[in-house]
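Step one of this worksheet: look at the structure below.
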Amino acid sequence: MVAMLLLVRFDLYFRKNPFGGEFTVFAGLEECIKLIANFKLTEEEVSFIRKSLPGSCEEGFLNYLREIDCSDVEVYAISEGTVVFPKVPLLRLEGPVAVVQLLETPVLNFVNFASLVTTNAARHRLVSGRPKMLFEFGLRRAQGPDGAIGASKYCYIGGFDATSNVAAGRLFGIPLRGTHSHAFVSSFMSPDEILERSLCSSDGSNTCEDFVTLVHSWLSKIQWLKSLGGIFGETNQSELAAFISYALAFPNNFLALVDTYDVIRSGVPNFCAVALALSDLGYRAVGIRLDSGDLAYLSSEARKIFHTIEKELGVPGFGKMIITASNDLNEETLDALRKQGHEVDCFGIGTYLVTCYAQAALGCVFKLVEINNQPRIKLSEDVSKVSIPCKKRCYRLYGKEGYSLVDIMTGENEPCPKVGERILCRHPFSESKRAYVVPKRVEELLKCYWPGKSGKVREELPALQDIRDHCIKQLEQMRPDHVRRLNPTPYKVSVSAKLYDFIHFLWLNEAPVGELQ
């Protein structure tokens with residue numbers, strides 16, 4: 001039981017940025033703090049532990065488990081949604097060794113997945129460009145319901161605009177977006193199946209008694225438009241029936257999936273006919289979704305048709321119909337579309353986003369850095385796995401252009417870096433890598449989010465929207481070459497000269513000295 005009274009400090013950090021990039025977005029802090037705030041073993045859980053352990057397990061240990069909580073634990077963390085880098089602690093947990101070790105696995109679980117998905121979302125946001133809308137469509141392909149709900153939340157933090165996951169929208173207040181399915185379109189046979197055909201105008205002043213006939217009249221007009229070169233022949237009538245039925249139900253939110261049969265010969269003209277009929281009654285259709293085919297070509301052709309109809313038929317704003325694209329999109333697809341040129345306004349992204357197909361895990365670790373105020377170091381023949389010992393303070397130094405230049409770790413009692421002061425920043429392990437920095441702004445990264453019984457001021461957890469805004473602002477404060485997709489410039493993570501000397505002093509003290517025979 002004596003070992004349980006030892007006071008320890010652990011750092012949670014990662015060693016390498018994911019997806020071949022040079023940045024990561026930290027997420028999962030809220031779940032960690034909620035766990036710590038409510039950590040308590042039930043009698044049922046203690047009984048299970050008793051059965052799982054050897055018969056020699058002391059009753060005193062089980063009594064200890066019954067009373068255990070996190071009132072003696074302190075948690076310091078970087079703000080959720082912050083862009084972070086290898087070796088810099090994302091969280092530091094301080095407290096009794098037994099309690100902190102029990103927290104190791106759950107906090108690693110929370111942070112690893114959340115940070116990986118958020119980073120993946122941020123990378124998709126960067127490659128698509130800010131004006132484009134991004135929708136998370138990953139529920140059906142996610143790793144179970146928990147993975148799906150979490151992915152929706154963290155994609156939103158990473159810069160996505162909405163989700164198709166209604167449960168996530170309810171739980172977190174994330175905007176919802178979605179369309180009908182191919183099954184909905186193919187379930188219709190013909191417009192004759194539509195029994196209720198009337199639609200009231202948007203201002204309620206009149207009622208169109210036969211909306212189906214109105215749609216057909218518009219379809220005939222656009223089929224004979226000379227400027228379209230007669231590209232529209234006979235369209236698929238079952239598809240038209242589906243579009244009409246959907247528009248009657250949702251006249252203010254008509255967005256049609258146009259690739260069930262043929263995008264240009266059927267889907268787009270059928271959509272245009274319904275959209276023009278809605279326009280007659282004062283409604284404005286939303287647009288179309290493409291879920292297959294050459295998205296660059298099809299979106300461009302659809303946009304040409306919309307512009308032609310606006311010009312020829314005098315329908316203001318028709319050329320600005322929203323074009324949404326889906327179909328197993330990923331970073332590479334978005335990048336290729338951007339280079340080819342396209343007319344897509346919104347992207348619905350699922351499988352590659354929520355499953356983090358390009359990398360399975362982030363690889364966060366949880367390492368002891370101090371025990372009873374004695375610094376500890378973990379050594380390895382692989383220098384990347386050597387830990388940075390002792391309780392540290394972490395700062396981000398900004399340059400004159402507003403971009404962050406370097407993160408620096410110092411010992412707890414070292415003075416804070418000052419604006420305008422020349423600071424020597426050293427690579428933790430490479431003697432020759434060092435640079436002076438004169439910061440224009442200094443930001444301390446670690447804040448107290450759970451003070452335990454220490455009486456320290458506690459940082460409040462922000463709302464989800466604030467975390468998302470913080471993430472977007474953070475990405476804007478990074479130099480473009482650090483966050484670009486191809487061949488990004490590594491961001492510098494450093495230690496102070498004093499901490500550098502201490503690391504290598506402790507390294508030499510702990511490493512065994514070999515003997516040559």
Side-chain angles (χ1 to χ4, degrees), residues 6-16 26 74-79 82-95 365-400 403-448 454 456 490-513:
L6 294 173
L7 297 178
V8 295
R9 291 188 175 94
F10 277 79
D11 285 349
L12 186 152
Y13 60 94
F14 60 96
R15 297 183 176 121
K16 186 178 181 180
F26 170 49
E74 296 177 35
V75 180
Y76 299 82
I78 295 175
S79 299
T82 299
V83 175
V84 291
F85 304 96
K87 289 293 185 182
V88 178
L90 309 180
L91 291 97
R92 182 176 73 238
L93 273 66
E94 306 179 4
V365 294
F366 194 76
K367 297 299 178 185
L368 177 70
V369 296
E370 209 170 85
I371 184 163
N372 280 353
N373 295 317
Q374 295 299 310
R376 307 306 299 148
I377 189 171
K378 189 266 180 190
L379 301 179
S380 172
E381 291 182 3
D382 182 351
V383 175
S384 68
K385 292 191 174 183
V386 175
S387 64
I388 298 177
C390 76
K391 181 179 180 180
K392 298 171 287 293
R393 298 180 74 177
C394 305
Y395 304 92
R396 183 157 293 172
L397 309 183
Y398 292 84
K400 60 183 179 180
Y403 295 128
S404 55
L405 297 175
V406 62
D407 286 5
I408 184 169
M409 291 174 273
T410 72
E412 178 192 9
N413 297 318
E414 290 188 58
C416 171
K418 294 182 176 60
V419 172
E421 181 182 81
R422 196 163 178 250
I423 301 162
L424 178 61
C425 299
R426 303 204 63 171
H427 187 283
F429 309 120
S430 179
E431 186 176 16
S432 63
K433 292 182 179 180
R434 51 189 179 168
Y436 283 107
V437 176
V438 180
K440 298 299 180 183
R441 181 163 75 90
V442 176
E443 176 188 9
E444 185 160 10
L445 296 176
L446 290 172
K447 303 170 185 176
C448 181
S454 68
K456 296 176 183 176
Y491 183 84
K492 293 177 175 61
V493 173
S494 66
V495 296
S496 65
K498 190 173 181 180
L499 181 55
Y500 175 88
D501 290 339
F502 182 73
I503 292 169
H504 292 268
F505 165 78
L506 194 61
W507 192 333
L508 292 175
N509 271 5
E510 296 293 341
V513 179

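Start at 1 with the first residue, then count along the sequence. All figures in this text were calculated on a predicted structure; none of them were measured in a lab.
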What one should report as the nearest heavy-atom pair of F14 and F85 is CZ-C, 3.4 Å
Could you verify whether a donor N or O on one side chain and an acceptor N or O on the other, from D382 and S384, lie under 3.5 Å apart? yes
Using 0.5 Å steps for rounding, measure from the CG atom of L397 to the NZ atom of K440. 12.5 Å
May I ask you to test the L93-L12 pair for a side-chain heavy-atom distance under 4.5 Å? no
For residues 497-513, dump all side-chain donor-acceptor pairs below 3.5 Å to protein atoms at least two apart in sequence or in another chain.
from, atom 1, to, atom 2, distance (Å)
H504, NE2, P428, O, 2.9
E510, OE2, R376, NH1, 3.3

Are more than 12 heavy atoms, taken from residues, nucleotides or ligands other than R15, located less than 6.0 Å from that residue's CZ atom? yes
Do the non-hydrogen side-chain atoms of V495 and F429 ever get within less than 4.5 Å of each other? no
Using distance only, find each side-chain donor-acceptor pair of residues 403-420 under 3.5 Å and give its atom names and separation, not counting sequence neighbours.
from, atom 1, to, atom 2, distance (Å)
D407, OD1, R396, NE, 2.8
D407, OD1, Y491, OH, 2.8
D407, OD2, R396, NH2, 2.9
E412, OE2, K391, NZ, 3.1
E414, OE1, S496, OG, 3.0
E414, OE2, G411, N, 2.8
E414, OE2, S496, OG, 2.8

Between R422 and V438, is any pair of side-chain heavy atoms under 4.5 Å apart? yes
In Å and rounded to the nearest 0.5 Å, what is the CZ to NZ distance from F10 to K367? 9.5 Å
If you measure from CZ on R92 to OH on Y76, what distance do you get to the nearest 0.5 Å? 6.0 Å
At what distance, to the nearest 0.5 angstrom, does OG of S494 lie from CZ of R434? 13.5 Å
Within-4.5 Å side-chain heavy-atom neighbours: P89 and V369: no
Taking every heavy atom of V442 against every heavy atom of Y395, the minimum-distance pair comes out as CG1-CD2, 4.0 Å
Any sub-3.5 Å donor-acceptor pair from K392's side-chain atoms to C390's backbone N or O? yes
Is the closest side-chain heavy-atom distance between Y13 and S387 below 4.5 Å? yes
Over 12 foreign heavy atoms within 6.0 Å of NZ, K16: no
Supply the atom-to-atom distance R9 CZ to E370 CD, rounded to the nearest 0.5 angstrom. 4.5 Å
Check step by step if side chain to side chain contact (heavy atoms under 4.5 Å, CB included) holds for V386 and I377. CA-CA 7 Å; V386 175; I377 189 171; 4.1 Å; yes
Has K456 got more than 12 heavy atoms of other residues, nucleotides or ligands less than 6.0 Å from its NZ? yes
Could you tell me which non-hydrogen atom of S380 sits nearest to which non-hydrogen atom of K378, and how far apart they are? CB-NZ, 3.7 Å
Interatomic spacing from CG in L90 to OG1 in T82 - rounded to 0.5 Å: 9.5 Å
